[in-house]
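As the structure is a computational prediction, the values presented were derived from the model and not from experiment. Below, chains carry the letters A, B, ... as their sequence lines are ordered, and counting in each starts from 1. Note that these values count all heavy atoms, side chains included, but never hydrogens, waters or copies made by symmetry.
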Amino acid sequence: MHRFRRLRRSELPVDTQELARFLIGKALVHDSPRGRMSGRIVETEAYVPGDAAAHSFRGATPRNRSLFLTHGHAYVYFIYGAWFCLNVSGEAEGVGGGVLLRALEPAEGVELMQRRRPGATLHKLACGPGRLATALGITKRHDGLDLCASGPLWLGAPDPHWAKPSIGRSVRIGVTKEAHRPLRFFERGNPCVSGSRRLNS
DNA sequence: TGCACGATAATCT
DNA sequence: GATTATCGTGCAA
């Protein structure tokens with residue numbers, strides 16, 4: 001049905017903002033013990049070097065060190081006492097920056113995702129960063145994983161049947177610092193994108 | 001359809 | 001002790 005090819009690190013832009021745009025329309029795949037879950041990435045946000053809203057802004061700590069790994073590594077953090085969020089590091093080794101994966105259009109393993117998010121419709125299954133991580137079963141255990149290596153969590157080239165996305169841009173959701181910067185990217189018209197209608201035009 | 005609000009814990013000051 | 005890159009519910013229209 002779906003045939004995803006692993007993206008090589010050399011295919012990823014070495015720039016957090018470019019990576020955020022690049023990842024729209026690509027695939028995220030989790031080969032979990034219970035089976036494969038995958039989807040099309042439809043919404044991202046860039047947290048770039050020098051950005052006061054970025055977790056990496058004040059330098060490396062035990063919590064955010066994964067943001068300083070070379071581009072293509074996972075940074076997973078726990079927020080509001082309840083949710084995990086998945087990022088992809090976006091800069092060269094030693095430079096802090098990352099792309100928050102905010103929403104996915106489910107492709108494979110829909111039943112597995114629904115088991116983790118009972119009652120959620122297909123559109124709402126991975127619509128939002130916390131929901132995305134919950135649906136795919138992503139936790140702190142995945143922090144620091146290389147998404148370009150032969151591990152369980154990886155980035156895939158678009159399915160051959162997928163259309164090229166029309167990419168929209170807006171300010172980021174939920175941030176108070178540097179709130180004006182247009183660093184959120186999304187696929188126009190995709191019902192799995194989170195956020196208000198006004199942001200998604 | 002669109003807000004307001006509380007839950008909840010890791011992290012940092 | 002304050003802050004937080006969220007979510008689900010509840011209530012109003």
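Between A:Phe4 and A:Trp154, the closest side-chain pair of non-hydrogen atoms falls below 4.5 Å. With contacts defined as side-chain heavy-atom distances shorter than 4.5 Å, the pair A:Phe186/A:Ser170 qualifies.
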Side chain to side chain contact (heavy atoms under 4.5 Å, CB included) evaluation trace for A:Phe84 with A:Lys140:
CA-CA 7 Å; A:Phe84 292 100; A:Lys140 200 81 179 160; 4.0 Å; yes
Give the intermediate values and the outcome of side chain to side chain contact (heavy atoms under 4.5 Å, CB included) for residues A:Leu136 and A:Leu86.
CA-CA 10 Å; A:Leu136 293 199; A:Leu86 172 64; 5.9 Å; no
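The only member of A:Arg169, A:Arg21, A:Arg102 that meets salt bridge (Lys or Arg N to Asp or Glu O under 4.0 Å) when paired with A:Glu45 is A:Arg102. For the salt bridge (Lys or Arg N to Asp or Glu O under 4.0 Å) criterion with A:Asp51, the lone passing option out of A:Arg172, A:Lys177, A:Arg58 is A:Arg172.
Distance A:Tyr77 OH to B:dT8 C1': 15 Å, rounded to the nearest Å. A straight line from CD of A:Glu43 to C1' of C:dT6 spans 13 Å, rounded to a whole angstrom.
Using a 4.0 Å cut-off between charged nitrogen and carboxylate oxygen, A:Glu178 and A:Arg181 count as a salt-bridge pair. Contact check on A:Arg34 versus A:Glu111 returns no salt bridge, with no Lys/Arg side-chain nitrogen under 4.0 Å from an Asp/Glu carboxylate oxygen. The pair A:Arg9-A:Asp146 meets the salt-bridge criterion, with a side-chain N (NZ, NE, NH1 or NH2) lying under 4.0 Å from an Asp/Glu carboxylate O.
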Tabulated below should be each protein N or O lying under 3.5 Å from an N or O of nucleotides 1-4 of chain C; please produce it.
none

Protein-nucleotides 10-13 of chain B N/O pairs closer than 3.5 Å?
residue : atom : partner : partner atom : Å
B:dC12  : OP1  : A:Thr61 : OG1          : 2.4

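Using a 4.0 Å heavy-atom distance criterion, A:Ala82 is classed as making no nucleic acid contact.
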In 5'-to-3' order, the base (B), backbone-only (S) or no-contact (-) status of each nucleotide in nucleotides 8-13 of chain C, using a 4.0 angstrom heavy-atom cut-off, is S-----
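For the residue pair A:Thr134/A:Arg116, the side-chain donor-acceptor check at 3.5 Å is not satisfied. A donor and an acceptor atom, one from each side chain of A:Ser38 and A:Glu108, are located under 3.5 Å apart.
Residues that satisfy the side-chain hydrogen bond (donor to acceptor under 3.5 Å, both in side chains) test with A:Asn190, not counting sequence neighbours, are A:Glu105, A:Glu187.
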Distance-only check: which donor-acceptor pairs under 3.5 Å involve side-chain atoms of residues 117-127 of chain A, not counting sequence neighbours?
residue  : atom : partner  : partner atom : Å
A:Arg117 : NE   : A:Leu125 : O            : 2.8
A:Arg117 : NH2  : A:Lys124 : O            : 2.9

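When base pairs are accepted only as Watson-Crick or G-U wobble with both N-N or N-O distances under 3.5 Å, DNA chain C takes part in stems of 3 or more pairs at B:1-7 with C:6-12, B:9-12 with C:1-4.
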